[in-house]
Number of protein chains: 2
Amino acid sequence: MPRRVDHEERRTEITEALLRVAHRRGLHAVGMRDVAAEAGVSLRLVQYYFDSKEKLLLHGLRTLVERFSARTAARLAAVPGSPGPRETVEALLMAALPADEESRVFHHVYTSYAVLAMSDEALAGQPFTGDPDAAEEAVAGLLARGQADGTVPAEVDARLEAVSLLAMSAGLGTGVLVGQRDVPSAVAAIRYRLDRVFTGRAG
Amino acid sequence: MPRRVDHEERRTEITEALLRVAHRRGLHAVGMRDVAAEAGVSLRLVQYYFDSKEKLLLHGLRTLVERFSARTAARLAAVPGSPGPRETVEALLMAALPADEESRVFHHVYTSYAVLAMSDEALAGQPFTGDPDAAEEAVAGLLARGQADGTVPAEVDARLEAVSLLAMSAGLGTGVLVGQRDVPSAVAAIRYRLDRVFTGRAG
DNA sequence: ACGTTCATGGTACGGTCGTATCACAAAACT
DNA sequence: AGTTTTGTGATACGACCGTACCATGAACGT
């Protein structure tokens with residue numbers, strides 16, 4: 001019964017199936033047939049909507065990145081009150097933690113892509129982040145604002161501090177991901193560090 | 001010409017072949033035949049010395065971990081002079097950076113194993129580090145020594161600071177690995193952070 | 001009304017993968 | 001010397017994998 005169908009919607013469904021099975025069985029192990037079964041369609045349809053596995057994978061990566069940026073933006077917008085630099089930076093760093101299931105899926109699959117990209121022709125040099133070091137820029141800016149506020153000491157190097165905070169957050173994230181650390185301990189580390197950066201002697 | 005042969009040596013050669021090809025083509029893509037070709041032996045021999053691919057992979061992981069611990073220990077022993085806490089911590093954090101080729105290989109393959117372990121029955125719950133959070137213990141201890149010295153402020157929480165430093169180092173490492181950051185900038189971030197932790201007002 | 005396009009199913013093909021099997025020569029043991 | 005063990009090669013097997021091909025019915029254009 002071939003009713004006319006929305007291609008983009010179909011592609012989205014299949015992509016979501018891809019991400020689910022990639023999380024469940026590992027990206028390296030996902031085959032076209034698995035994706036088809038997960039999406040509840042025939043193998044042929046996966047071929048139909050994505051011409052090849054490579055294109056499917058690339059689309060999956062793009063989707064993943066877009067979704068994560070959107071989610072992070074939403075998180076930032078959801079900070080209550082009129083957030084100062086400290087609250088915003090904290091929200092930013094927390095967003096990089098695989099705390100809920102959606103975030104765990106993202107981190108797992110995203111990391112898989114990153115590892116894959118290190119030795120895969122087609123994936124290498126792919127847009128892994130919307131704007132690379134946009135986050136670095138943002139955090140550095142917020143720290144500078146904190147210095148203007150007087151909540152961040154003048155001796156702090158905003159750029160290096162931003163790099164170090166983001167790297168820490170990423171490191172904690174993978175620690176959580178591989179089960180070496182739990183979420184509360186990661187949150188505690190982030191809060192501790194922010195407490196030390198924002199000595200907060202002014203308002 | 002079946003001369004009597006040293007099994008352990010043969011296994012080592014094959015394992016090294018495995019690690020080389022895992023770095024070159026990606027761990028997910030390595031097959032028994034690739035390993036055999038890289039080691040210059042027949043497929044049969046890889047089966048002979050390791051019964052199955054799973055055992056080969058597990059042995060590869062063990063080798064990788066042992067080698068890295070040994071290397072890190074050597075680095076620590078090689079710190080010149082009579083190193084204080086600061087120098088030792090710095091050496092520890094630097095050792096986690098994929099700076100030279102050997103280290104890059106380690107990080108790449110190790111990360112691949114970690115990702116694989118997240119969805120592979122046999123790899124999950126495998127000894128991924130000799131003693132988990134041995135590093136954390138060590139760094140925390142060194143920071144405490146610094147506090148006794150007076151080179152580290154008393155308000156520093158040694159444990160949380162250790163966690164944050166190690167997470168940062170790990171994060172910088174993967175940043176370098178995926179080409180998002182270069183080694184000098186990672187080193188700069190580490191030095192900056194250590195400068196701020198070790199305010200060094202005593203001797 | 002009819003031919004074309006669209007959406008879909010089924011299935012076959014060539015390749016690769018891990019593993020198993022068969023064969024056989026050199027060495028070691030007795 | 002004869003037999004058993006050990007190291008090695010070649011090759012076969014069954015399962016998958018990504019892709020290509022063929023068929024077909026519903027919907028649409030004219």
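Chain naming here is simple, since letters A, B, ... match the order of the sequence lines and numbering starts at 1 in each. All values reported here derive from a predicted model rather than from experimental measurement.
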When you get a sec, tell me which of [options] is the closest nucleotide to the side chain of [X]?
X     : options               : result
B:R4  : C:dA28, D:dC17, C:dA7 : C:dA28
A:R44 : D:dG7, D:dT8, D:dC21  : D:dC21
B:Q47 : C:dT8, C:dC17, C:dT19 : C:dT19
B:Y49 : C:dG9, D:dT8, C:dG18  : D:dT8
A:S42 : C:dG9, C:dT19, D:dG9  : C:dG9

Approximate separation, where rounding is to 0.5 Å, of B:E87 CD and B:F198 CZ: 8.0 Å
Rounded distance (Å) that lies between atom [atom2] of [N] and atom [atom1] of [X]:
X     : N      : atom1 : atom2 : result
B:H28 : D:dG18 : NE2   : P     : 12 Å
A:M32 : C:dT11 : CE    : P     : 21 Å
A:H7  : C:dT5  : NE2   : C1'   : 11 Å
B:F50 : C:dT19 : CZ    : P     : 13 Å
B:Y48 : C:dT19 : OH    : C1'   : 17 Å
A:E13 : C:dA7  : CD    : C1'   : 14 Å
A:L43 : C:dC13 : CG    : P     : 16 Å
A:R10 : C:dC6  : CZ    : P     : 16 Å

Considering only NZ, NE, NH1 and NH2 on the basic side and carboxylate oxygens on the acidic side, decide whether A:R33 and A:E38 come within less than 4.0 Å. no
Salt bridge or not for A:R86 and A:D149, using N-O below 4.0 Å? no
Using a heavy-atom cut-off of under 4.0 Å over every strand shown, decide if B:V30 touches base, sugar-phosphate, or nothing. sugar-phosphate
Testing the 3.5 Å rule here: is there a donor-acceptor pair between the side chains of A:S164 and A:R193? yes
Any side-chain heavy-atom pair from A:H59 and A:T63 closer than 4.5 angstrom? yes
Most 5' of A:R33 and B:V41 on DNA chain D, judged by nearest nucleotide: B:V41
